[in-house]
Amino acid sequence: MDILGYSSSGWLPSVLYLLLLLILGSRARGSIESPLFSGLVQAGIFLVLLVHAIELHDSVFTSQGFVFGFAQDLSLIAWVGLAFYWFQSWFLPISSLRWMALLFALVCTMLPNLFPGTLISPKAVSDPWFKGHFIVATISVGLLSLAAMHAMLMSVQDRALHRQLAIVPNSRLAHWLEELPPLMTMESLLFNLLYVGFALLSLTVFSGLLFSQALFGKPFVFDHKTIFALISWFLFAGLLIARWRVGLRGRAAIRWVLSAYTALLLAYVGSRFVLEVILQRV
């Protein structure tokens, strides 16, 4: 595989995600999924996740070193979000998130083929501290990405309930919204995602601050990535404290989630995008 160029196998996850979306789109409008159809879709998602994971591992942890960029970051975030959705969907009524998670994964798996990333460090691949930090960071951002998609879905549902969104009766969107759990259940699921995601984000942020020399081979630097990561952490912390102290909910909670997630994306994806695409340097 040409890690700093284009790879023929790199398009395989995108093709498989597209195929899954086409299969889901072929279901008759308003029809109820049979257990067989749901099981086949779940099996298909699992298989695509395996293919996606292998492709990600081989293109990031290479024999030359650690190859990474904003496109690989987004692809990893999408994988974690979809994997967590797949696992939770066996126990919780979150099938409504499937379209969003698959579409997000489709778009994100296409990006590394267009932006192949750069060789960040030849030594990071064998460093257990760095690998641990990298894995926890990816999982935390992936879970919070799923939470952000869940919040956007809640926003659409809330606007539809208050007649602030024009929906054609008997349309796919109308049936899709009818299949959603009650808004209270959706809110409970959202905060379950946020609790786990925030715990992992805290571990990521503070391990990076305290062990910068061991993780990255350089002393702590107060740069744009660090600033946005801390802003995101404080926003998520404020949201969870407000939920605990005053029972924050509804549109205010949704806006808070999306604001905190935007800051998180600017920290972990935006900084790499500016360096690679705009400034064209590592």
Side-chain angles (χ1 to χ4, degrees), residues 8-58 74-111 138-139 142-158 160-161 165 167-193 196-197:
S8 57
S9 63
W11 291 100
L12 182 57
S14 304
V15 172
L16 294 176
Y17 282 128
L18 178 60
L19 183 60
L20 270 177
L21 286 169
L22 291 175
I23 291 172
L24 287 173
S26 67
R27 184 165 65 98
R29 181 184 302 176
S31 63
I32 299 175
E33 284 188 10
S34 66
L36 177 60
F37 182 84
S38 298
L40 289 174
V41 170
Q42 288 289 83
I45 293 175
F46 179 74
L47 290 175
V48 180
L49 282 170
L50 283 179
V51 174
H52 189 178
I54 293 170
E55 176 62 28
L56 274 172
H57 183 274
D58 290 348
L74 281 172
S75 186
L76 274 166
I77 289 170
W79 186 90
V80 171
L82 183 60
F84 192 77
Y85 158 80
W86 181 86
F87 177 76
Q88 290 287 82
S89 64
W90 291 103
F91 311 102
L92 299 172
I94 57 174
S95 60
S96 49
L97 272 174
R98 185 171 55 195
W99 265 94
M100 295 179 70
L102 284 172
L103 188 59
F104 183 56
L106 168 63
V107 174
C108 291
T109 51
M110 294 168 61
L111 292 175
T138 302
I139 293 174
L143 291 182
L144 293 172
S145 298
L146 191 61
M149 286 188 277
H150 195 92
M152 288 187 281
L153 191 58
M154 285 177 60
S155 179
V156 174
Q157 185 182 20
D158 180 73
L161 288 174
L165 186 65
I167 298 175
V168 178
N170 296 320
S171 64
R172 286 193 179 273
L173 178 58
H175 288 295
W176 184 50
L177 289 173
E178 289 172 2
E179 293 175 354
L180 293 177
L183 203 53
M184 291 283 289
T185 303
M186 294 282 285
E187 188 173 87
S188 177
L189 294 173
L190 172 65
F191 278 92
N192 287 339
L193 288 171
V196 180

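Starting from 1, each residue takes its place in the sequence as its number. Keep in mind that what you see is a predicted model, and the values were worked out from it rather than measured. Excluded from the calculations below are hydrogen atoms, water molecules and symmetry mates; all remaining heavy atoms, backbone and side chain alike, are included.
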Nearest atoms (heavy-atom pairs only) where [X] meets [Y]:
X    : Y    : value
H150 : L193 : CB-CD1, 4.4 Å
W86  : Q42  : NE1-O, 2.8 Å
G25  : W99  : N-CZ2, 3.7 Å
V51  : P13  : CG1-CG, 4.2 Å
A78  : A105 : CB-CA, 3.7 Å
V41  : R98  : CG1-NH1, 3.8 Å

Exactly one of L12, L82, L103 clears side-chain contact (heavy atoms from CB on, under 4.5 Å) with Y17, and that residue is L82

Checking L143, L56, V80 against T138 for side-chain contact (heavy atoms from CB on, under 4.5 Å), the one that qualifies is V80

Find the distance between [atom1] ([X]) and [atom2] ([Y]) and round it off to the nearest 0.5 Å.
X    : Y    : atom1 : atom2 : result
L146 : L190 : CG    : CG    : 9.5 Å
Q88  : L97  : CD    : CG    : 10.5 Å
L16  : L50  : CG    : CG    : 11.0 Å
S89  : F84  : OG    : CZ    : 10.5 Å
H52  : L76  : NE2   : CG    : 7.0 Å
D158 : E187 : CG    : CD    : 10.0 Å

Could you walk me through whether L102 and L24 pass the side chain to side chain contact (heavy atoms under 4.5 Å, CB included) check? CA-CA 10 Å; L102 284 172; L24 287 173; 3.5 Å; yes

Do [X] and [Y] touch side chain to side chain, with heavy atoms closer than 4.5 Å?
X    : Y    : result
L153 : Q157 : no
L74  : V107 : no
F104 : M100 : no

Is it the case that S75 and T109 place a side-chain donor and acceptor less than 3.5 Å from each other? no

Between the side chain of W11 and the main-chain N/O of M110, is any donor-acceptor distance below 3.5 Å? no

For S38 and S34, indicate whether the former's side chain and the latter's backbone hold a donor-acceptor pair under 3.5 Å. yes

What residues form a ring-ring contact (aromatic ring centres under 6.0 Å, His included) with F37, not counting sequence neighbours? none

